[in-house]
Amino acid sequence: MNVHKTHQELRASIEEFKAQGKVIALVPTMGALHEGHMSLIKAAKGQADIVVCSIFVNPTQFAEGEDFTTYPRDEAKDIAILLDNGADIVYIPSVEEMYPEREEITEPPIKNGDILEGEFRPHFFRGVGIVVTKLLHQCAPDKAFFGQKDYQQLSVIKQMVKSLGVPVEIIGCPTQREEDGLALSSRNNYLSVWERKIAPELHKIMQEMAEEYRQGTPVEIVCEKGKRKLLAAGFAKVDYLRFCDSQTLLPEIKSSARLLAAAWLGTTRLIDNIEV
Ligand code: PAF
């Protein structure tokens with residue numbers, strides 16, 4: 001497995017594989033790798049010859065006061081995990097490598113980046129859009145893999161890539177869960193023992209909400225009840241708990257519905273989404 005720190009090294013290595021006719025897959029991550037990331041690597045290995053995994057905690061998608069400095073980082077452990085799981089290339093750029101110009105004037109073409117997550121983290125999709133555009137440019141993969149756990153992120157990236165005409169296929173992979181239903185996330189590391197016990201309630205309550213929705217209970221009633229249940233379970237605050245169109249993510253449901261949620265357990269913000 002090759003470990004590259006600069007985009008020139010990465011590109012040289014990828015050009016060699018491309019010259020041999022190999023299909024390249026990129027799995028962008030922020031490290032702190034878990035089984036959810038491994039499922040992306042596995043899917044990528046099934047659909048490409050060479051799997052590149054990038055590890056970069058992207059400062060532009062964190063706002064002041066968010067967890068950029070405390071975000072879990074363990075490069076040696078991540079590299080060992082990737083080696084074990086058969087990744088071919090690891091790309092670990094520095095902040096200077098990714099952002100050589102201190103002034104970032106880039107505005108990625110993002111649609112609906114101000115709803116749901118964007119309402120509560122207004123900087124987030126701009127930062128994700130910038131870094132994903134840079135990574136796609138540097139790596140030039142044929143396919144790129146993202147988890148459905150970040151459903152809105154996946155949707156924003158698909159639309160951005162289409163709008164920019166980037167020649168890459170964006171592939172969404174199912175959310176991986178603990179046995180008790182908690183969606184795998186690097187931020188689960190922040191949960192105390194007590195919070196970890198409560199955390200699966202988010203998925204459980206969302207499933208109950210989806211069932212009530214299917215039975216025809218009005219959306220407002222389902223959402224109000226869901227919110228009350230979360231607060232009663234021990235969640236400190238609910239940012240959103242909404243049924244949206246699975247394609248547009250708007251409240252008017254034209255195709256199928258998707259339930260998206262973000263809620264705080266102590267100082268940890270959990271997000272999740274399910275098909276309805
Ligand atoms: O989902 C993530 O881990 C990040 O948002 C991503 C896509 C790697 C961009 O930094």
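Note that ligands are numbered from 1 as they come in the structure, with each ligand's atoms numbered from 1 the same way.
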For [atom], closest protein heavy-atom neighbour:
atom	result
atom 9 (C) of ligand 1	Gln61 OE1, 3.4 Å
atom 3 (O) of ligand 1	Met30 CG, 3.6 Å
atom 1 (O) of ligand 1	Gln153 NE2, 2.9 Å

Side chain of [X], backbone of [Y]: donor and acceptor closer than 3.5 Å?
X	Y	result
His7	Gln138	no
Asn273	Lys149	yes
Asp88	Asn2	no

Open item on the list: Within the 4.0 Å heavy-atom shell around Val131, which atoms of ligand 1 are there?
Closed with: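 Per the distance check, 9 (C), 10 (O).
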Open item on the list: Can you name the atoms of ligand 1, numbered from 1 with element, that are less than 4.0 Å from a heavy atom of Pro28?
Closed with: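 Within the 4.0 Å cut-off of Pro28, ligand 1 contributes 8 (C).
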- [ ] Look at atom CD of Glu35 and say whether more than 12 heavy atoms of other residues, nucleotides or ligands are closer to it than 6.0 Å.
- [x]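 Open: at most 12 neighbouring heavy atoms sit under 6.0 Å from CD of Glu35.
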Open item on the list: Can you tell me how the ring of Phe56 sits relative to the ring of Tyr99, calling it parallel under 30°, perpendicular over 60° and tilted otherwise?
Closed with: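 Ring orientation, 0 to 90° scale: tilted.
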Task: Structural part of Ile157 in contact with ligand 1, heavy atom criterion under 4.0 angstrom - done: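 Answer for Ile157: neither.
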